[in-house]
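So the structure is just underneath, and the comments pick up after that.
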Amino acid sequence: MASFVPASLYTGACAAALAKQEAAERSLQAAAGTPRTFLMGNMVPAPAEKKIQMYSKDFYVACSLGGIVACGATHTAVTPLDVVKCNMQIDPKNYTGILQGFRKVAGEQGIAGLFRGWVPTAIGYSAQGAFKFGLYEYFKKTYSDMAGPEAAKKYQNLIFLAGSASAEFFADIALCPMEAVKVKVQTVPGYAKGLADGLPKFVAQEGVGGLFKGLTPLWGRQIPYTMMKFGAFENTVQALYKYVVPKPKSECSKTEQLGVSFAAGYIAGIFCAVVSHPADNLVSKMNAAKGVPAGEIIREMGWVALFTRGLPLRIVMIGTLTGLQWGIYDAFKVYVGLPTTGSAEPAKTAEPAQK
């Protein structure tokens, strides 16, 4: 460390002695392993950088914030796709295809019509994301601790599925009111411009309880979706590191790890769309048609339409959404100093040769 005294003011012998002293101080700093700084010729400990401890309260708060960013931003960004999808589900006679649906909405309502309902979408899915990701990490850790190390490793898929189902149960309660208003605004012509006038009108017509009338089918859509989203993601991450990525996760850069997160998320999203699509059709119909029971909607649509109507668009939408959500979520975790989601099998070490 250079002295504060200019070199021209002390002799060569003094300079050599000072350099020797500073070298000894640097060696002491390296041996101690504690960050230090020099203050007026004295070496003092530098303030330690705060790190988020795994599974602490701060950890779960960080995961919840990451979920808000991931889900709120992505669902809001694909609002035009959602508008067309919901109208194809509700009114298939007038909305016969994806491109035709975009042209019809834009032609009748202008470009702004494609973004109708973005405010309840942003609020609802931000709340859902906080519960979904934050509680998933909590329940995954809790169930693993309950099972014990050996059982947790042996039955990890059950822990992934149970943790994600438990988290989504609460996440859907947070989402349901905004989802109900969103579908009304997007699919009923002239109903409302957005959340500010749509929510009071909805409550006036159907009561506060009406905001939760779609909760059961929402659970039916979202819980299988989330179980697939997290279970497939965790297993796909392991498979990619084991069979595709040419080096262990510990040797991958953060950028490479985030690339794996996006790829695994997109693959998981395709499965999510297929598994949850029948309930998605049901939720859209129930929120658009006041007081119509689920059984009547299923008889009207038919089982084939229930499983297939709007599915191609939803695969594109949910695949992209899920990939982006995992990428954004893990990027946020990396930003705050946490590791990316998903474990990779440790590299096998060579057994010592027997003598």
Side-chain angles (χ1 to χ4, degrees), residues 51-52 54-55 58-78 125-126 128-141 144 153 156-157 159-161 163-165 167-168 171 222 225-276 315-347:
K51 288 188 66 177
I52 296 177
M54 291 292 289
Y55 310 117
D58 289 342
F59 169 78
Y60 294 119
V61 170
C63 292
S64 297
L65 290 174
I68 290 174
V69 175
C71 292
T74 52
H75 277 278
T76 304
V78 298
Y125 282 95
S126 293
Q128 186 209 37
F131 284 92
K132 184 197 297 279
F133 283 93
L135 287 180
Y136 171 69
E137 300 284 4
Y138 171 77
F139 283 120
K140 183 171 70 169
K141 178 66 165 63
S144 295
K153 183 176 181 180
Q156 65 171 4
N157 284 325
I159 289 174
F160 295 153
L161 296 177
S164 56
E168 190 61 35
Q222 289 297 129
Y225 164 87
T226 302
M227 292 170 72
M228 183 65 72
K229 175 178 182 174
F230 285 87
F233 174 82
E234 297 267 15
N235 281 280
T236 304
V237 166
Q238 292 181 8
L240 289 175
Y241 281 116
K242 187 174 181 180
Y243 299 111
V244 179
V245 181
K247 53 186 176 181
K249 179 180 179 180
S250 58
E251 297 179 10
C252 293
S253 67
K254 293 300 182 184
T255 302
E256 291 169 334
Q257 292 181 25
L258 292 175
V260 170
S261 294
F262 175 79
Y266 202 102
I267 294 169
I270 294 173
F271 292 105
C272 291
V274 175
V275 167
S276 62
I315 287 176
V316 174
M317 175 178 156
I318 297 301
T320 305
L321 260 180
T322 309
L324 287 173
Q325 283 175 4
W326 277 115
I328 293 170
Y329 176 66
D330 273 352
F332 185 87
K333 289 177 71 176
V334 168
Y335 174 75
V336 298
L338 293 171
T340 57
T341 310
S343 59
E345 292 184 1

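All figures in this text were calculated on a predicted structure; none of them were measured in a lab.
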Between OG1 of Thr322 and CD1 of Ile270, what distance do you get to the nearest 0.5 Å? 9.5 Å
Please check if atom CZ in Phe332 has more than 12 non-hydrogen atoms from other residues, nucleotides or ligands closer than 6.0 Å. yes
On a heavy-atom basis, the closest approach of Gly269 and Ile318 is O-CG2, 3.4 Å
Suppose we screen for side chain to side chain contact (heavy atoms under 4.5 Å, CB included). Which residues come up paired with Thr74, at least two apart in sequence or across chains? Leu321, Leu324, Gln325, Ile328
Please report whether the ring centroid of Phe230 lies less than 6.0 Å from that of Phe160. no
Say whether, by atom type as modelled, one donor and one acceptor occur between the side chain of Glu234 and the main chain of Asn157 under 3.5 angstrom. no
Calculate, to the nearest 0.5 Å, the distance between atoms CE and SG belonging to Met227 and Cys272 respectively. 11.5 Å
Looking at CZ of Phe59 and CE of Met54, how far apart are the two atoms once the value is rounded to the nearest 0.5 Å? 4.0 Å
For Glu137 and Lys333: C-alpha separation, side-chain torsions, deciding distance, then whether salt bridge (charged side-chain N to carboxylate O under 4.0 Å, His left out) applies. CA-CA 12 Å; Glu137 300 284 4; Lys333 289 177 71 176; 3.4 Å; yes
Whether the Asp330 and Ser261 side chains hold a donor-acceptor pair (N or O, under 3.5 Å, no angle test) is what I'd like checked. yes
One thing to verify: whether Glu256 and Lys247 come together as a salt bridge, which I'm taking to mean a side-chain N less than 4.0 angstrom from a carboxylate O. yes
Do any N or O atoms from the side chain of Lys254 and from the backbone of Thr340 form a donor-acceptor pair under 3.5 angstrom? no
So, taking the atom named SG in Cys63 and the one named OH in Tyr329, what distance separates them when rounded to the nearest 0.5 Å? 3.5 Å
N/O donor-acceptor pair under 3.5 Å between Ser164 side chain and Leu161 backbone: yes
Separation of Glu168 CD from Thr226 OG1 (nearest 0.5 Å): 3.0 Å
Above 12 or not: heavy atoms from other molecules or residues under 6.0 Å from OH of Tyr60? yes
Pairwise distance OG1(Thr341) to OH(Tyr136) - rounded to 0.5 angstrom: 8.0 Å
Describe, in one word, how the ring planes of Phe233 and Trp326 are oriented to each other, choosing from parallel (under 30°), tilted (30 to 60°) and perpendicular (over 60°). parallel
Restricting to side chain to side chain contact (heavy atoms under 4.5 Å, CB included), what partner residues turn up for Phe131, sequence neighbours left out? Leu135, Phe170, Ala171, Ala174
Could you tell me whether the side chain of Asp58 and the main chain of Ile52 form a donor-acceptor pair under 3.5 Å? no
Tightest non-hydrogen contact, residues Ile159 and Ser144, listed as CG2-OG, 3.6 Å
Using side-chain contact (heavy atoms from CB on, under 4.5 Å), reason through Gln238 and Gln156 one step at a time and then give a plain yes or no. CA-CA 12 Å; Gln238 292 181 8; Gln156 65 171 4; 3.3 Å; yes
